[in-house]
Amino acid sequence: MTHTADSPSPARRIARERLARKREQVRAGAAAMRRETFHAGMWATRAPVWMWPALLVITGIGAALRLFRLGFPHRLIFDETYYVKDGYSVFNFGYERSWPENADDSFNAGDPSVIEPTPEYVVHPPLGKWLIGIGIDLFGADDSFGWRFSVAIIGTLTIFLIGVIAWKLFRSAFFACVAAGLLSIDGEHFVHSRTSLLDIVLMAFVLLAFFFVLLDREQVTKRLARWTPSTADPHRSESPVAEAAPPTAAARRRRDRKERDEINFGPRLGVRPWIIAAGISVGLAMGVKWSGLYAAAAFGILLVAWDVHSRYRAGVVHPWLGMLIRDSIPSFLKLVPTAFVTYLACWSGWIRSDDAWDRQWAAENFGWWQSLPEWLQWLPSLVHYHYTAYSFHVGLDSEHPYMSNPWGWIVQWRPTSFYYESYDQGDMGCLADKCSSAITSVGNPVIWGLAPFAVLICLIVWIIRRDVRPAVILAGLAATWLPWFAYQERTIFTFYTIVMVPFVVLAVTYCLTLLWGRAPGRQASGHRPRLARISAALFARRMSVGIILAAAVLAFAYFWPIYTGEVIPFTAWNNRMWNITWR
């Protein structure tokens, strides 16, 4: 080979090759050291038996609070005027039908027969309305308890779910109960659980998808922990038979090549069914509202980042390549197509109908879709429907007194009023000169007062300590909060933050675990003394946690009247409007 001025000299090329080999040796040595110390860690810890009945008790209390006077007020409030009537329509006809003017009065009186046979144009997918319709069908269209029953049950179940998620993240039964308790007394979660809107259903499926991502990580970590001590040792013997009959040279080469391949890129992780479950949950979330798509994107990125991190900790020499070769395509195929098919299944009522909105668009308009088989003619019609709905969402910029900016969501700057009535003395049991009955979706001031600091602390701890847990919580917040900053010109509301409420609670709970501190270590015998002395500083920290939790409970009790619509003196309502922007 002729050496030219543009090509490196042989000596330089040899030096580069030596440096590359040396770097590879250093990388392989570091990976071997990580393999020596890698273990399942917190994922191997089992929950104490008492945690499960404790979570059930907290969930039961949350259910009782949410079902108490659930039928008040006996009329459609806020956006119930859309979703309750649509729920009735979807459950009975498979798609949304239109309603005449002043239909709310007839529906409030228990007469849904005024519904018209013509289809109605709506811009949200049907799944959430199907679920609302179940409660209406169980209790009857004339029962306002039934209007809100489904969302109350869904909101209640998320209390138990977040407790299990907190256990998975923090491996503390006490703080699992704390997370469940904080969610049960958050005002926004409480009000949404008692109002028949779509957003808490969306939150439930997003939280469920997050839970399945955690279960996948638990399975992957345990799988890598089992792999590390066995297949990473090139000097192990295959079996007693292999000792008696040494393998041939070709077999040894194949074995060595396979071992080098695994050490470089890590093992194959099998089916990973929890990714499929996460895909189904994300598809269901999108079937409630399109904003579930943000969760699909964020959790997909989280899976990629976590796969790289897990392979790195397990001692894989090239974790990024290992993720790309072993995990990327299988994980994508399990998550994205599964979510897409699940989302389409949510439209089954519309697909099977003949006269739903835009259902016959493909038949009425000439185009390339005419070449599709007849049984698939619904697909271009559904695509056109989605196009028009997207155009509506993007162009929605009309003024509204309760519209808010995402910057203020983390401090509940402009909460949404769902219901307000003013009464004079003698009306509805009013004993003052003027009374108010209000349902305001404002978060618990203690939880949301700590929320900005909790988010900042999670970010700092993640950067400094390299703790994955706050990073995972921040990923959930990013999925449910950050996308809205791209739509600041749109008409959006603070009640959308119900989807980020669980991650705010997890962030606050994580910071409480840091404040709680650690008790004295175990004795030489391996047992921790039951009545071990703790320092004054540790006692003060734990008292602070207790004071915060007690303050959160008291705040919930104080704001109870404006969460449930109780008739109270106007001055009492005014005293609870701590911020002028809450009015």
Side-chain angles (χ1 to χ4, degrees), residues 20-46 165 167-171 210-239 254-278 299-335 461-475:
R21 286 196 298 270
K22 186 174 181 181
R23 286 175 177 171
E24 190 67 20
Q25 290 173 356
V26 171
R27 190 180 290 116
M33 293 176 63
R34 294 196 300 272
R35 283 196 298 275
E36 293 287 334
T37 59
F38 181 73
H39 52 84
M42 71 175 189
W43 301 109
T45 307
R46 292 188 177 183
I165 288 174
W167 161 254
K168 293 292 183 184
L169 282 175
F170 310 133
R171 254 24 185 207
F210 183 77
F211 174 60
F212 288 140
V213 170
L214 292 181
L215 290 181
D216 173 72
R217 189 49 36 194
E218 181 175 8
Q219 182 188 56
V220 165
T221 305
K222 291 179 178 179
R223 170 70 180 87
L224 289 173
R226 290 195 301 269
W227 165 77
T228 302
S230 58
T231 61
D233 184 7
H235 301 294
R236 76 189 190 285
S237 58
E238 295 291 334
S239 65
R254 286 194 300 270
R255 185 191 66 184
D256 292 342
R257 186 163 52 249
K258 180 180 179 181
E259 287 177 351
R260 285 195 301 271
D261 179 74
E262 283 204 355
I263 290 174
N264 282 328
F265 307 120
R268 301 183 186 280
L269 298 175
V271 177
R272 297 178 70 176
W274 297 119
I275 296 183
I276 299 174
F299 294 160
I301 295 172
L302 177 61
L303 281 170
V304 168
W306 222 342
D307 282 340
V308 174
H309 180 263
S310 295
R311 289 184 180 274
Y312 174 83
R313 289 185 59 247
V316 174
V317 179
H318 300 287
W320 274 102
L321 287 175
M323 179 275 300
L324 290 172
I325 295 171
R326 304 280 200 245
D327 303 326
S328 58
I329 295 178
S331 296
F332 177 86
L333 294 176
K334 292 167 188 171
L335 183 70
V461 172
W462 173 38
I463 294 173
I464 295 177
R465 293 190 179 181
R466 303 294 182 183
D467 190 345
V468 175
R469 296 173 298 172
V472 172
I473 296 170
L474 292 175

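For the single chain, residues carry numbers from 1 onward in sequence order. Because the structure is predicted, anything quoted here is derived from the model rather than measured.
By the 4.5 Å heavy-atom criterion applied to side chains, Ile325 and His318 are not counted as neighbours. A heavy-atom distance below 4.5 Å is not found between the side chains of Pro470 and Arg465. Annotation: side chain of Pro267 is in contact with side chain of Arg311 (closest heavy-atom distance under 4.5 Å). When side chains are defined from C-beta on, Val468 does not count as touching Trp462, because their heavy atoms never get closer than 4.5 Å. You'll find the side chain of Phe212 stays beyond 4.5 Å of the side chain of Ile276, heavy atoms only. A heavy-atom distance below 4.5 Å is not found between the side chains of Leu303 and Phe332. The shortest side-chain heavy-atom distance between Ser328 and Val304 does not fall under the 4.5 Å cut-off.
Ion pairing of Arg46 with Glu218 is absent here, as no side-chain N (NZ or NE/NH1/NH2) approaches a carboxylate O to less than 4.0 Å.
Rounded to the nearest 0.5 Å, atoms CH2 (Trp274) and CG (Leu215) are 5.0 Å apart. Of the inter-residue distances, the one linking Met323 atom CE with Trp306 atom CH2 reads 15.5 Å to the nearest 0.5 angstrom.
Between Phe210 and Phe299, the ring planes lie tilted relative to each other; the angle falls in the 30° to 60° range.
Pro330 meets the side-chain contact (heavy atoms from CB on, under 4.5 Å) test with Lys334; sequence neighbours excluded. Annotation: salt bridge (Lys or Arg N to Asp or Glu O under 4.0 Å) contacts of Arg217 (sequence neighbours excluded): Asp307. Under the rule for a side chain to side chain donor-acceptor pair (under 3.5 Å), the partners of Arg469 that lie at least two apart in sequence or sit in another chain are Asp467.
Within a 6.0 Å sphere centred on OH of Tyr312, heavy atoms belonging to other residues, nucleotides or ligands number 12 at most.
In this structure, the side chain of Arg272 does not engage the main chain of Leu269 through any donor-acceptor pair within 3.5 Å.
Of all the heavy atoms in Trp167 and Thr45, the pair that sits closest is CZ2-O, 3.7 Å. A pairwise comparison of heavy atoms in Leu335 and Ala278 identifies CD1-C, 4.1 Å as the closest pair.
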